[in-house]
Amino acid sequence: MTEITNLSSDLIQLILSLLPIPTLIRVSTVCKLWHSIISSPSFSILSNHSNHPWFFLHGIHNISSKNNQSFAFDPSSNSWFLLPTPQHHHPHQPNTSFIGTNSFFFITAPNFLYTPILHPSWHATPPLHFPRINPLLGVFHDAKGTTISHPKFIVVGGVKFIGNLVDIEDRLDVEIYDPLLGNWDLGPPLPPDFRSGNSSSSLSSALFKGKFYVFEIYSCFVSSFDLHHRVWSEVHTLRPHGVVFSFLVACREMLVLAGVCSLPHGSSSFVLWKVDERTMRFSQIAVMPHDLLCSLFDGDEDDKFASLKCVGLGDLIYVYNEDYHRMYPACVCEIDGESGRCVWRKVPPLPSLMNRFHKVISFCSTVSLHSILRERHGPDLQY
């Protein structure tokens with residue numbers, strides 16, 4: 001009988017690459033050899049975790065920030081984890097200034113700060129030219145040859161915040177931050193078709209092929225900001241027949257429009273459409289099974305769908321109910337990049353140790369082994 005210690009390093013690496021991230025955290029502590037294999041750059045390339053981004057929920061408690069909590073769902077292990085909660089105490093910090101996206105948490109007003117999700121450590125930037133609450137925020141990289149540069153941040157829209165007061169009339173310039181240069185660059189504001197004072201509560205965004213797309217959930221207006229040329233495209237309308245409201249999501253191979261549709265006989269459905277980014281034409285690719293949609297609610301209220309939210313990345317699209325009384329039930333759709341086949345399933349309930357929140361922030365992010373294993377024992381993940 002051959003023992004595992006007699007296998008070649010390449011074969012051990014192949015075996016370990018098939019394991020989900022939570023299991024890899026454990027096995028990285030078995031011995032020095034396994035830890036060195038899992039920590040190596042080649043292992044991150046071999047493993048396929050980037051196509052299965054995690055789903056993050058950050059709960060905000062208005063009275064005491066000590067009751068804030070961050071959770072992450074790993075689709076590979078089908079498990080929720082309680083994450084270290086980023087604590088930042090500021091007496092004038094509005095909850096509407098806290099945002100999460102693509103590996104980072106942000107505070108946008110009165111000062112701009114950011115921290116990695118898994119290893120919270122707040123970093124301050126110079127002030128925004130236009131401090132704001134509820135903006136859209138994206139994290140992108142400039143590709144230069146074969147080298148990927150450091151992350152940059154883009155801030156779009158939101159409501160102007162001055163001295164604890166808000167101004168919904170101003171159309172705010174786009175602002176882009178480069179951590180290496182340490183300054184904010186200005187770009188043109190959203191096109192005038194988007195009403196002033198637009199916030200993340202009425203907009204969704206998607207980073208796709210070097211462009212930052214902004215989509216108005218109810219009017220269905222969409223425009224894209226070219227991250228290289230720093231200009232907005234013309235405004236299009238993405239409104240499938242019967243759609244009530246919808247969200248724009250960037251998947252690995254396509255832009256996806258996801259939304260609630262009213263059917264002729266009075267019922268509703270949740271539908272996914274593939275969007276051609278060149279022509280902005282769309283075609284239906286999937287409908288959520290009716291029983292799965294019903295499992296996200298426990299009543300027949302007329303406005304029950306208003307609490308539905310949708311985020312996605314890679315090959316996954318998550319749909320969840322942000323109503324606390326339902327404990328944030330969610331489901332996920334996996335889209336096969338080659339065949340286009342869509343498979344829906346229910347996400348397991350959140351851990352029972354969850355606090356009560358006044359607001360939840362949701363987003364998807366890839367989770368790299370490098371970021372998890374940066375510290376000796378990895379982040380403080382709790383099952």
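Residues take their numbers from the sequence shown, with the count starting at 1.
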key: With Phe106, the ring-ring contact (aromatic ring centres under 6.0 Å, His included) member among Phe98, Phe363, Phe153   =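 Among Phe98, Phe363, Phe153, the one that satisfies the ring-ring contact (aromatic ring centres under 6.0 Å, His included) with Phe106 is Phe153.
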key: Qualifying residue, where the test is ring-ring contact (aromatic ring centres under 6.0 Å, His included) with Phe55 and the options are Phe71, Phe81, Tyr320   =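 The residue from Phe71, Phe81, Tyr320 that satisfies ring-ring contact (aromatic ring centres under 6.0 Å, His included) with Phe55 turns out to be Tyr320.
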For [Y], does its backbone N or O pair with a side-chain atom of [X] as donor and acceptor, under 3.5 Å?
X: Glu175; Y: His129; result: yes
X: Asp74; Y: Trp54; result: no
X: Thr108; Y: Arg132; result: yes
X: Glu216; Y: Phe194; result: no
X: Ser204; Y: Leu248; result: yes
X: Ser223; Y: Ser233; result: yes
X: His228; Y: Asp226; result: no
X: Trp80; Y: Pro348; result: yes

Distance-only check: which donor-acceptor pairs under 3.5 Å involve side-chain atoms of residues 255-271, not counting sequence neighbours?
{"unit_1": "His265", "atom_1": "ND1", "unit_2": "Ser267", "atom_2": "OG", "d": "2.9"}
{"unit_1": "His265", "atom_1": "NE2", "unit_2": "Ser267", "atom_2": "OG", "d": "3.4"}

query = Are Arg252 and Asp315 ion-paired here, with the side-chain N under 4.0 Å from a carboxylate O?
reply =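 Salt bridge between Arg252 and Asp315, a charged N being under 4.0 Å from a carboxylate O: yes.
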key: Side-chain ion pair, Glu277 and Lys211, N-O less than 4.0 Å   =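 Salt bridge flag = no for Lys211 with Glu277.
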inquiry  = For a side chain to side chain contact (heavy atoms under 4.5 Å, CB included) check, start with the C-alpha distance between Leu308 and Phe245, then their side-chain angles and the critical distance, and finish with the verdict.
reply    = CA-CA 10 Å; Leu308 272 189; Phe245 64 89; 4.3 Å; yes
Where [X] and [Y] come nearest, the two heavy atoms and their spacing:
X: Phe297; Y: Leu293; value: CD1-O, 3.4 Å
X: Val319; Y: Trp344; value: CG2-CZ3, 4.4 Å
X: Ser205; Y: Leu136; value: CB-CD1, 3.9 Å
X: Cys310; Y: Ile317; value: SG-CG2, 3.5 Å
X: Ser9; Y: Leu33; value: OG-CD1, 4.2 Å
X: Thr23; Y: Leu19; value: CG2-CD1, 4.1 Å

request  = Evaluate the side chain to side chain contact (heavy atoms under 4.5 Å, CB included) criterion for residues Phe105 and Ile361: first the C-alpha distance (whole Å), next the side-chain angles of each, then the deciding distance (0.1 Å), finally the verdict.
outcome  = CA-CA 10 Å; Phe105 285 124; Ile361 295 166; 5.7 Å; no
Counting C-beta onward and ignoring hydrogens, is there a side-chain heavy-atom pair between [X] and [Y] closer than 4.5 Å?
X: Ser362; Y: Tyr318; result: no
X: Phe73; Y: Asn78; result: yes
X: Phe112; Y: Leu137; result: yes
X: Pro188; Y: Trp232; result: yes

ask   = Which one of Pro53, Ser365, Cys364 satisfies the side chain to side chain contact (heavy atoms under 4.5 Å, CB included) criterion with Val311?
value =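 Per the side chain to side chain contact (heavy atoms under 4.5 Å, CB included) rule, the option paired with Val311 is Cys364, out of Pro53, Ser365, Cys364.
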query = Could you go step by step and tell me if Arg230 and Phe225 meet the side chain to side chain contact (heavy atoms under 4.5 Å, CB included) rule?
reply = CA-CA 6 Å; Arg230 307 285 174 92; Phe225 184 79; 3.9 Å; yes
request  = Kindly say whether the aromatic ring centers of Phe140 and Phe212 come within a distance under 6.0 Å.
outcome  =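 For Phe140 and Phe212, the ring centres are not under 6.0 Å apart.
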ask   = Is the gap between the ring centers of His141 and His150 under 6.0 Å?
value =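 Ring-ring flag for His141/His150: false, centres at least 6.0 Å apart.
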request  = Give the intermediate values and the outcome of side chain to side chain contact (heavy atoms under 4.5 Å, CB included) for residues Phe215 and Ser246.
outcome  = CA-CA 9 Å; Phe215 178 79; Ser246 49; 3.3 Å; yes
ask   = Under 30°, 30 to 60°, or over 60°: which ring-plane class applies to Tyr177 and Tyr114, parallel, tilted or perpendicular?
value =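 Tilted, since the angle between the ring planes falls between 30° and 60°.
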ask   = Will you find, in the side chains of Ser307 and Asn321, an N or O donor that is under 3.5 Å from an N or O acceptor?
value =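 The criterion, which ignores hydrogens and geometry beyond distance, is satisfied for Asn321 and Ser307.
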ask   = Any luck finding a side-chain donor-acceptor pair between His58 and Ser70 under 3.5 Å?
value =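 Yes, because at least one side-chain N or O of His58 sits under 3.5 Å from a partner of the opposite role on Ser70.
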